[in-house]
There are 2 protein chains.
Amino acid sequence: MSLKEELKLKKGFSIVEHEALLNIYFTTAGVKKRADGFFKALGLTDVQFNVMMLLHHQSGPDEGLSQAQLSEMMLVNRANITTLIDRMEKAGLVVRVSDSADRRTNIVKMTAKGKKMFEKAEPLYAKLVGRTMFGFNQSELKKLMAVLEKIRENINKPA
Amino acid sequence: MSLKEELKLKKGFSIVEHEALLNIYFTTAGVKKRADGFFKALGLTDVQFNVMMLLHHQSGPDEGLSQAQLSEMMLVNRANITTLIDRMEKAGLVVRVSDSADRRTNIVKMTAKGKKMFEKAEPLYAKLVGRTMFGFNQSELKKLMAVLEKIRENINKPA
DNA sequence: TGTATATAGTTTATATATGAACAATTTAAC
DNA sequence: GTTAAATTGTTCATATATAAACTATATACA
């Protein structure tokens, strides 16, 4: 269905660039809403799962990542990570361990409970991703990523 | 730059479908951050501008839209609209007018101040959209929208 | 060595988002 | 025509996001 129909707009878009941009925006919103429902059933949020995915795939089994590294890998503000890790620590999914080499730094590590939860969630999430991106071949996906990469470059170009 | 580089990840993605999905997600995040900075300089937020854009383009000059209509056109919860319109009303950008035909309904209309602000912001926003989507021809944009539309259809398909 | 600067994390104020429960009102069903 | 169901908007609890101001620490450099 076209975006105009999905949003029940009375009038369409006069500029196709704008329509394309809103298509990206509302597709992300839809993907996020779908993921929200999925993770809620597991007692998680999409953002919390993302933290666990980074801890699992981007650090050694017992290494963990600092809050600054998480902030960088998630493209969010440091302040955001503080409250996010507060909630995850309260839920028993991760712990903060102080870094002996740099006393400013907290290393975030998954607990046994967190690991168990992640191992249960990940294959189900992979299926959801498969269903979401169903019907495209590798070349179409590469083309899509190239377009999106170019848009991200446009954003970062000085006006 | 590839997403792996932008997020400073140590390891890449093993599933291209997942990589493509994260590309959509982080492109939206980048676009939103860019727009946030732009609107902040005008004393607005991206969401507040979107409300004004809907009021301007989707309703007659003095008709306005109900909160339920705004909720539908923005794909957000009704509760969200309540607080959003509270803030916009407080800022003098819009007013709530009760609907004589249905006493449950509030009609949201732009004030003179809101209209003035919107007319100043819209051409600047159009330029930003042009820069963001620069370097694609109409056929590439249509192809992109078709891909995104298919993803939205995949999401809404029953598992 | 000392000082200036940078970095890590927290706190606060603010904006956006959801779902659930609620009141007021309208519409549908019988 | 009255009752049941649906719709509109609000309030509350909660999760995520930012920027700015702050403390504590580490690094650079002169």
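Note: hydrogens, waters and symmetry copies are ignored here, and every other heavy atom, side chains too, is used. The sequence lines fix the lettering, A, B, ..., with proteins before strands; numbering per chain opens at 1.
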Worksheet, complete the sentence: With the side chain defined as heavy atoms from C-beta on, B:Lys33 is closest, among C:dT25, D:dT18, C:dA17, to D:dT18
Discussion item. Using whole Å, what does the distance between atom C1' of nucleotide D:dT16 and atom CD1 of A:Ile85 come to?
Written reply: 13 Å
Discussion item. From C-beta outward on A:Ala79, which listed nucleotide comes closest to its side chain: C:dG9, C:dT12, D:dG9?
Written reply: C:dT12
Worksheet item: Quick one: B:Asp86 CG to D:dC12 P, roughly how many Å, whole number?
Response: 12 Å
Worksheet item: Looking across every strand, which nucleic acid part, if any, lies under 4.0 Å from B:Ile81 by heavy atom: base, sugar-phosphate, or nothing?
Response: nothing
Worksheet item: Has B:Thr45 got a side-chain N or O lying under 4.0 Å from the OP1 or OP2 atom of C:dT16?
Response: yes
Discussion item. In whole Å, I'd like the distance from the CG atom of B:Asn80 to the C1' atom of D:dT11.
Written reply: 14 Å
Discussion item. Strictly below 4.0 Å: does A:Gln69 bring a side-chain N or O up to OP1 or OP2 of C:dA8?
Written reply: no
Discussion item. Does A:Leu75 reach a base, just sugar-phosphate, or nothing at all? Heavy atoms under 4.0 Å.
Written reply: sugar-phosphate
Item to complete: Could you tell me the separation between the CG atom of B:Leu70 and the C1' atom of C:dT16, rounded to a whole number of Å?
Response: 15 Å
Practice prompt. Report yes or no: is there a donor-acceptor pair, N or O only, under 3.5 Å between the side chain of A:Arg103 and the base of D:dT25?
Written response: no
Item to complete: Provide, to the nearest angstrom, the distance between the CE atom belonging to B:Met88 and the P atom belonging to C:dA15.
Response: 12 Å
Practice prompt. Measure the spacing between CG of A:Leu21 and OG1 of B:Thr132 and express it to the nearest 0.5 Å.
Written response: 6.0 Å
Fill in: Under 3.5 Å donor-acceptor, B:Gln69 side chain and B:Ser66 backbone
yes
Worksheet item: Could you give the CZ-to-P distance, from A:Phe39 to D:dT16, as a whole number of Å?
Response: 12 Å
Worksheet item: Could one point to a donor on the side chain of A:Arg78 or the base of C:dG9 with an acceptor on the other under 3.5 Å away?
Response: yes
Discussion item. I want to check one thing: is the phosphate of D:dT7, taken as OP1 and OP2, less than 4.0 Å away from some side-chain N or O of B:Gln67?
Written reply: no
Practice prompt. Would you confirm whether A:Glu5, through its side chain, and A:Ser2, through its main-chain N or O, come within 3.5 Å as a donor-acceptor pair?
Written response: yes
Item to complete: Let me know the distance between CG of B:Asn106 and C1' of C:dA24, rounded to the nearest Å.
Response: 12 Å
Worksheet item: Can you find a side chain N or O atom of B:Asn77 that sits less than 4.0 Å from OP1 or OP2 on C:dG19?
Response: yes
Worksheet item: Is the NZ or CZ atom of B:Lys4 both under 6.0 Å from the centre of the six-membered ring of B:Phe13 and within 45° of that ring's axis?
Response: no
Practice prompt. Look at the side chain of B:Val76 and decide which nucleotide, out of D:dT16, C:dT11, C:dA17, has an atom nearest to it.
Written response: C:dA17
Practice prompt. Let me know, please, whether A:Asp36 or A:Arg96 comes out on the 5' side of the other along DNA chain C by nearest nucleotide.
Written response: A:Arg96
Worksheet item: Taking only side-chain nitrogens and oxygens of B:Lys40, does any of them come within less than 4.0 Å of OP1 or OP2 of D:dA19?
Response: no
Fill in: Nearest-nucleotide 5' precedence on DNA chain D, A:Ser100 against A:Asp46
A:Asp46
Worksheet entry | Comparing B:Leu84 and B:Ala101 on DNA chain C - which has the more 5′ nearest nucleotide | B:Leu84
Worksheet item: Are A:Arg78 and A:Ser71 close enough that a side-chain donor and a side-chain acceptor fall under 3.5 Å?
Response: no
Worksheet item: Between D:dT16 and A:Arg87, is there an OP1 or OP2 to side-chain N/O distance shorter than 4.0 Å?
Response: yes
Worksheet item: Rounded to the nearest Å, what distance is computed from the CD1 atom of residue A:Ile107 to the C1' atom of nucleotide C:dT7?
Response: 14 Å
Discussion item. Side chain of B:Thr105 only, heavy atoms from C-beta on: which candidate in D:dT18, C:dA17, D:dT8 is closest?
Written reply: D:dT8
Worksheet item: Is it the case that B:Arg34 and A:Asn156 place a side-chain donor and acceptor less than 3.5 Å from each other?
Response: no
Worksheet item: Which of these nucleotides, C:dA6, C:dT16, D:dT18, is closest to any side-chain atom of A:Arg104?
Response: C:dA6
